[in-house]
> 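My structure is below; once you've seen it, I'll send some questions.
Atoms within a ligand are numbered from 1 in the order they appear, just like the ligands themselves.
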Amino acid sequence: MDSEHKLHTLLSDGNLDPQLREIAVKVSKNERITVDEGVVLYEKGELGYLGVLANYVREKKHGDKTYFNRNFHIEPTNLCVYDCKFCSYSRLIKQKAEGWEFTMDEMLDMVKKYDGQPVTEVHIVGGVLPQYDLAFYSELFTKIHLHRPELHVKALTPVEYHYIFKKAKIDYATGMRLMKEAGLDSIPGGGAEIFHPEIREQIAKDKCTGEQWLQIHEEWHKLGQRSNATMLYGHIEAFWHRVDHLEQLRQSQDRTGGFQTFIPLKFRNQDNQMSHVPEVSVIEDLRNYAISRIYLDNFDHIKAYWAMISRETAQLSLNFGVDDIDGTLDDTTKIYSMAGAEEQNPAMNTKELVELIKNVGRHPIERDTLYNVIKDYKDVQFEEEVKPQFYKLPVIN
Ligand code: V47
Ligand code: SF4
C-alpha cells in the first residue's frame with residue numbers, strides 16, 4: 001500500500017478523533033497546520049497515525065530517496081566559557097586538565113589526513129574560548145580552502161558567531177559577510193536548543209538567545225547562503241515549547257528560505273548536570289521526527305543523526321518523515337559518545353550507510369552538503385549481497 005493509500009485508509013476510519021481527522025485532511029490537501037494543531041499532535045497523536053501523515057509528506061517530497069554524505073568533524077576545543085546544563089562535552093576552564101585545545105596547524109593536519117579520500121564536507125564545531133576569535137577562524141577557513149578548495153566548510157553556530165562578533169565589535173551582517181569572504185560555505189544547525197526563554201534560561205543561560213540565533217541565520221541567508229537548524233528535545237521542555245520552536249523556524253524559513261534541513265537532537269543524559277532527567281523513549285523520538293516533518297512544511301529535509309540515536313532508530317525514522325541520515329563521520333566527533341549515545345566511536349563507510357538504507361527498502365543517494373547528487377546507489381551492488389533484515393515497516397494504526 002503506498003503512502004497516499006494509507007492516508008486515505010486512515011481518513012476512512014470512523015473512529016478517528018475529530019481534531020486528528022481535521023489535521024489529516026489538511027495534510028492530505030497540502031495545507032499548513034496551526035500552532036494549536038501542533039500541540040494536539042504531540043498530545044494525542046499515536047505513533048501509527050503520525051507515521052502515516054509524516055510518511056505521506058516525506059514520500060510526496062522525496063519518494064524513497066534517502067540522503068547521506070561523506071564528512072568528518074573537527075572539534076577545536078571542548079573547553080567553553082559557557083556552562084550549558086545538558087552538555088557532557090564541555091569542560092569548564094577550571095577543569096582544563098581534561099580538555100583539549102587544537103592549534104591551527106593541528107586542525108589543518110586533520111584536514112590533510114583526508115587528502116586523496118572522497119570526503120566532501122568538514123563540519124567544525126566545539127566549545128567557545130576567547131582565543132578562537134574572528135581572526136583565528138577566518139584564517140582557518142581560508143587555509144582549509146587553500147589546501148583543498150572543493151571541501152565544503154560547514155562551521156560554527158550562532159553561539160560562536162554571537163561571541164566572536166561581539167568581541168570584534170561588529171554587527172551580525174558584517175560578521176557573516178566577513179565569514180563568507182574567508183571561505184565559510186554553510187552553517188550547521190547547532191546551538192538552537194529550545195528557543196523559548198523559559199527553558200533556554202534554565203539549560204543554556206548566557207549564550208545567544210533564540211532570537212539572536214535566528215537573526216544570525218537570517219543574515220547568512222540574506223547573503224544567498226544555506227544553513228541547518230536543530231532542536232534539543234526530551235528534557236525539561238513541555239510539548240508547547242517544542243511547537244513554539246518549530247513555529248519560529250517555520251516563520252524564519254518563510255522570511256528567507258535559507259534552511260535546508262531540520263535535525264531533532266535527542267537529549268542524552270550521561271555525565272552532565274541534567275543526568276537526573278530521564279531520556280525519552282524511541283517511540284517519542286519517532287513521534288517527534290514525524291511531527292517535525294508534518295509541521296515544517298517549508299523545510300525540504302528532516303535528518304536523523306545516526307551517531308546520536310543508534311543505527312536501528314535511524315532506520316526506523318525513515319518511515320516517520322526522515323529522508324537524511326547525515327554521513328560517514330569517521331569517528332571524528334565526541335559530542336554524543338560523551339553524552340551516552342550508543343555509538344562510542346561513530347564511523348560508517350559508504351557500503352554500511354548504503355546497506356543500512358537499502359535494508360529498510362529505501363533508495364540511497366550520496367549528496368554533497370547542498371543536496372547536489374554525487375552518486376545514486378539504487379542499482380549499485382557491493383561485492384556481498386545486501387540481505388534485507390526487515391522491509392518497510394507496516395504502519396500500525
Ligand atoms: O548544539 C550537546 C547538542 C549540538 C547534548 O547541522 C546534545 O548537519 C543531546 O548541532 N544530548 C551540536 N544533544 C551538534 C549539531 C549537529 C549535529 C549533527 C549534524 C548537524 C548539522 C548539527 O549538540 C549542540 C547541542 O544542541 N548537544 N549536548 C546532549 N547531552
Ligand atoms: Fe559550550 Fe556548546 Fe557545551 Fe554550551 S553546548 S557548554 S556552548 S560547548
> One thing to verify: whether K6 and E4 come together as a salt bridge, which I'm taking to mean a side-chain N less than 4.0 angstrom from a carboxylate O.
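No.
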
> Touching ligand 1 at all, V125? Heavy atoms, strictly under 4.0 Å?
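Judged by the 4.0 Å heavy-atom criterion, V125 does not count as contacting ligand 1.
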
> I want to know if ligand 1 touches I263 in the polar sense, i.e. an N/O pair below 3.5 angstrom.
no

> So which heavy atom in the protein is nearest atom 7 (S) of ligand 2, and how far is it from that ligand atom?
C80 SG, 3.7 Å

> Check for me whether R148 meets the cation-pi criterion with Y114, that is, NZ or CZ under 6.0 Å from the six-membered ring centre and within 45 degrees of the ring axis.
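Judged by the rule, R148 and Y114 form no cation-pi pair.
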
> Does R367 qualify as a cation-pi partner of Y371, given the criterion of NZ or CZ under 6.0 Å from the six-membered ring centre and within 45 degrees of its axis?
yes

> Going by the side-chain hydrogen bond (donor to acceptor under 3.5 Å, both in side chains) test, name the single residue among H245, H235, K207 that passes it with E193.
K207

> Would you say the side-chain atoms of D323 pair up with the backbone N or O of I302, donor to acceptor, closer than 3.5 Å?
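Yes: the side chain of D323 pairs with the backbone of I302.
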
> What atoms in ligand 2 come closer than 4.0 Å to a heavy atom of G127?
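In order of number, 8 (S).
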
> Provide, to 0.1 Å, the distance between atom 6 (S) of ligand 2 and the closest protein heavy atom, together with that atom's residue and name.
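Result: C84 N, 3.4 Å.
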
> Just checking: C87, one of its N/O/S atoms, less than 2.8 Å away from atom 3 (Fe) of ligand 2, yes or no?
yes

> Heavy atom under 4.0 Å from ligand 1: found in E193's side chain, backbone, both, or neither?
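Side chain only; the backbone of E193 stays clear of ligand 1.
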
> With only distance considered, is R268 within less than 3.5 Å of ligand 1 through an N or O on each side?
yes

> How long is the straight-line distance from CZ of F239 back to CD of E284, given to the nearest 0.5 Å?
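With rounding to 0.5 Å, CD (E284) is 4.5 Å from CZ (F239).
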
> What protein heavy atom is closest to atom 2 (Fe) of ligand 2, reported as residue, atom name and distance in Å?
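Going by distance alone, atom 2 (Fe) of ligand 2 is nearest to K207 NZ, 4.3 Å.
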
